Amino acid sequence: MQVQACGQFKSHKKKEFENKHAKGSRRDWQQVAANGGIAAIASIFNLLDPSQVWLIMFLIGLAAANSDTWASEIGSLSQKPPISLKTWRTIETGTSGAVSILGTLAALSGSFTVALLSNMLFHISTYEVLLIGVFGFAGNLIDSLLGAFFQAEYKCQVCSSNVETAEHCGQPASLVKGWHFADNDFVNFFSGLASAPVGMLLYILLA
């Protein structure tokens with residue numbers, strides 16, 4: 001009975017999360033580009049001019065993407081409502097720009113999992129592992145801040161839900177926060193763009 005109740009709770013939380021997001025759990029090319037774009041750019045530069053610097057940028061990009069994914073997927077299962085980084089008040093689960101203890105721990109775990117795996121695969125130093133883990137997590141924090149202050153949020157005219165898609169329940173929704181062009185894919189890409197090059201620059205300066 002407890003297992004069944006837990007499963008129903010998780011299923012309900014997952015549906016709440018997916019209902020607020022334009023694409024739910026589906027993945028399309030924009031999401032792939034937003035989450036893997038920085039790593040792809042670093043790979044291209046490494047092909048043109050092989051260097052450890054591009055590897056660090058590549059790994060930070062992956063760590064930031066994984067940190068955000070774990071924060072969203074696992075954080076949405078928290079039994080306590082998240083807190084908005086804009087108002088510091090509790091807010092609905094799945095809202096961009098909100099954080100929870102579970103989601104934050106998941107974000108840290110997601111980033112450092114990539115960092116530790118990088119150490120196994122590429123034999124990088126402990127300093128580089130820490131750099132990747134810290135800046136990967138920083139990418140998630142930037143993502144949350146952008147989500148709180150700039151990401152577009154709409155209000156459905158039918159069900160009155162706050163969502164991240166310009167259309168809901170088959171009807172146009174009204175913009176209530178942020179910029180029209182700043183959707184989740186934009187925020188994901190920009191947060192990676194902010195964290196990976198900065199981490200790469202710090203690596204160059206301290207190398």
Side-chain angles (χ1 to χ4, degrees), residues 10-11 13-14 16-18 20-21 23-28 30-43 54-85 91 93-148 151 164 183-200 202-203:
K10 290 181 178 180
S11 178
K13 285 289 186 179
K14 193 71 174 176
E16 277 187 356
F17 175 80
E18 292 183 356
K20 289 185 66 66
H21 292 75
K23 301 170 186 176
S25 60
R26 291 181 293 110
R27 294 291 179 265
D28 56 21
Q30 291 101 323
Q31 285 180 306
V32 172
N35 287 284
I38 300 302
I41 291 171
S43 298
W54 301 123
L55 175 62
I56 296 301
M57 181 179 175
F58 170 82
L59 294 172
I60 291 176
L62 290 184
N66 200 51
S67 179
D68 177 61
T69 298
W70 283 30
S72 299
E73 296 292 332
I74 298 175
S76 65
L77 301 177
S78 175
Q79 296 189 40
K80 294 183 178 180
I83 296 174
S84 169
L85 289 176
I91 199 168
T93 297
T95 303
S96 293
V99 296
S100 66
I101 293 176
L102 179 61
T104 301
L105 291 175
L108 273 169
S109 299
S111 182
F112 275 92
T113 294
V114 172
L116 291 172
L117 287 173
S118 300
N119 179 251
M120 296 169 59
L121 295 171
F122 300 102
H123 306 292
I124 59 178
S125 67
T126 301
Y127 158 65
E128 290 167 335
V129 169
L130 290 174
L131 186 75
I132 293 163
V134 168
F135 276 91
F137 178 65
N140 173 256
L141 293 179
I142 294 170
D143 185 283
S144 296
L145 288 169
L146 290 174
Q151 186 171 338
E164 295 183 358
D183 60 6
N184 190 59
D185 294 334
F186 173 87
V187 168
N188 285 344
F189 181 78
F190 194 85
S191 60
L193 185 64
S195 62
V198 173
M200 182 183 71
L202 182 63
Y203 174 76

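Values in this document were obtained by computation on a predicted structure and should not be read as measured data.
- Residue pairs meeting the side-chain hydrogen bond (donor to acceptor under 3.5 Å, both in side chains) criterion with at least one member in residues 102-120, sequence neighbours excluded, do not occur.
- Listed by chain and number, the residues in a side-chain contact (heavy atoms from CB on, under 4.5 Å) with Ile38 are Met57, Phe189, Leu193, Ala196 (sequence neighbours excluded).
- Nearest approach of Ala194 to Ile142, heavy atoms of both residues: CB-CD1, 3.8 Å.
- Closest of all the heavy-atom pairs between Ser76 and Thr93 is O-CG2, 3.5 Å.
- Between Gly133 and Ala115, the closest heavy-atom pair is N-CB, 3.8 Å.
- In this structure, CZ on Phe112 lies 6.0 Å from CG on Leu130, to the nearest 0.5 angstrom.
- Remark: Ile91 engages Pro82, Ser84, Thr95, Ala98 in a side-chain contact (heavy atoms from CB on, under 4.5 Å) (not counting sequence neighbours).
- In this structure Trp70 satisfies the ring-ring contact (aromatic ring centres under 6.0 Å, His included) test with no other residue, sequence neighbours excluded.
- Between the CD1 atom in Ile74 and the OG atom in Ser100 there is a gap of 10.5 Å [rounded to 0.5 Å].
- Considering only residues two or more places apart in sequence or on other chains, Leu202 meets the side-chain contact (heavy atoms from CB on, under 4.5 Å) condition with Leu131, Phe135, Leu206.
- Between Asn35 atom CG and Asp68 atom CG the span is 6.5 Å, to the nearest 0.5 Å.
- Sorted by first then second residue, the side-chain hydrogen bond (donor to acceptor under 3.5 Å, both in side chains) pairs that include residues 120-148, not counting sequence neighbours, are Gln52-Glu128, Ser125-Glu128, Glu128-Tyr203.
- With values rounded to the nearest 0.5 angstrom, Leu85 atom CG is found 11.0 Å from Ser96 atom OG.
- With a 6.0 Å radius and a threshold of 12 heavy atoms from other residues, nucleotides or ligands, Phe190 has its CZ atom at or below the threshold.
- Between Pro197 and Gly192 the shortest heavy-atom distance is CD-O, 3.7 Å.
- Rounding to the nearest 0.5 Å gives a distance of 6.0 Å between CG of Leu59 and CD1 of Ile124.
- With Ser191 contributing its side chain and Val187 its backbone, the two residues share a donor-acceptor pair below 3.5 Å.
- Atom OG of Ser43 sits about 4.5 Å away from atom CZ of Phe58, to the nearest 0.5 Å.
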